[in-house]
Amino acid sequence: MNQSRPLLFGVLLIMAAGILLATQDGGSRYLSGIYPLVMVIWARYLSQSLLMVLIFAPRMGLRILHTRRPWLQLARGVSLVAVSLLFIGGLHYIPQAEATAVIFLAPLMLTLYSALTGERIGRGQWISLACSLLGVLVIVRPGGALFTPAVLLPFFAAICFAAYQLITRRLSGTDHAVSSNFLSSLVGTLLLGLLLPWFWETPSAPMALRMLGLGALAMVAHLLLTHALRNVSAAALAPFTYLNIVFAGLVGWLMFEQVPDLPAMLGMAIIIASGCGLALASRR
């Protein structure tokens, strides 16, 4: 009974984080329809960076900037910026639930990379990988409305997200998680800040607060994820992260009246099932 309580608490935290991240994606898609995408994503990273300084700097001081592998941290930050731009840009053409399902190919791409680098991959993991690709084909279905070049945006976002996860795995043994998250946020702020003069449009006060609020949502979501992983293993929680696809569907319906059709729901169900199967196979 005592062992089930941390797991239940971890699952609840994962679900709360998923709802916040889906809301952030929906808010970014809405605001980037009014203001330039670069500006919206920059404001999110700026807000997140400032919040992390306020929360962690009093305790960590300059250690929040410490890294033993600066080039990997730079690559991690660039990968995350690419994920943000590609995914949010894709939401203007692909419904949120379907785009989120496609980006959840990232863990499976990471498995494929592991196989290419010589790591032993079990039969169950290969089956999960094949099923996930089948799920994407069911969602975009050649000849269907989503079978356009725009579907490549979340697909490339998934590739960048897989790279981000791979780099995060390598950094986990040398750098503090707070430092890694802060440095990635700082890279995003500085990198997009260089582009900002070409995309700046002065927002109204309410819109500026909404943009900054996106960073607050991301910050709280990552804190919830970190807290969940303190007491429960990532392998145990991995299947529940696929609920993010469901949350994305709810946000897409509530904010944009986007309702996936039956084939899209089937494809998302296949991806969720294959992802959960991969998590369980990896755990064993």
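Computation of the quantities below employed the complete heavy-atom set of this structure, encompassing side-chain atoms and omitting hydrogens, waters and symmetry-equivalent molecules. Since the model is a prediction, treat every value here as computed from it, not as a measurement. Residues take their numbers from the sequence shown, with the count starting at 1.
Looking at heavy atoms from C-beta onward, Val81 lies in side-chain contact with Leu85 at the 4.5 angstrom threshold. Residues Met219 and Leu223 form a side-chain contact, since some pair of their non-hydrogen atoms from C-beta on lies under 4.5 Å apart. A heavy-atom distance below 4.5 Å is found between the side chains of Leu86 and Cys160.
Taking CD1 from Ile64 and OG from Ser180, the interatomic distance works out to 11.0 Å, rounded to the nearest 0.5 Å. A distance of 15.0 Å separates CD1 of Ile88 from OH of Tyr30, quoted to the nearest 0.5 Å. From Leu209, atom CG reaches atom OG of Ser47 across 10.0 Å, with rounding to the nearest 0.5 Å. Atoms CZ and OG, on Phe161 and Ser84 in that order, are 10.0 Å from each other to the nearest 0.5 Å. Annotation: the span from Thr23 atom OG1 to Phe247 atom CZ amounts to 10.0 Å, rounded to 0.5 Å.
For Glu257, the CD atom is loosely surrounded, since the number of other residues' heavy atoms within 6.0 Å does not exceed 12.
With Asp175 as the partner, the side-chain hydrogen bond (donor to acceptor under 3.5 Å, both in side chains) test is satisfied by one option alone out of Arg69, Gln73, Arg68: Gln73.
Leu74 and Leu195 fall within a single hydrophobic cluster, where Ile, Leu, Val, Met, Phe, Trp and Tyr are joined by side-chain heavy atoms under 4.5 Å apart, directly or via other members. There is no path of hydrophobic side-chain contacts, each under 4.5 Å, that joins Val220 to Ile55.
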TODO: Assess whether side chain to side chain contact (heavy atoms under 4.5 Å, CB included) is satisfied between Leu91 and Leu153, documenting all intermediate values.
DONE: CA-CA 9 Å; Leu91 292 183; Leu153 292 173; over 6 Å; no

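Side-chain N or O atoms of Ser32 include none that pairs as donor or acceptor with a backbone N or O of Leu37 at under 3.5 Å.
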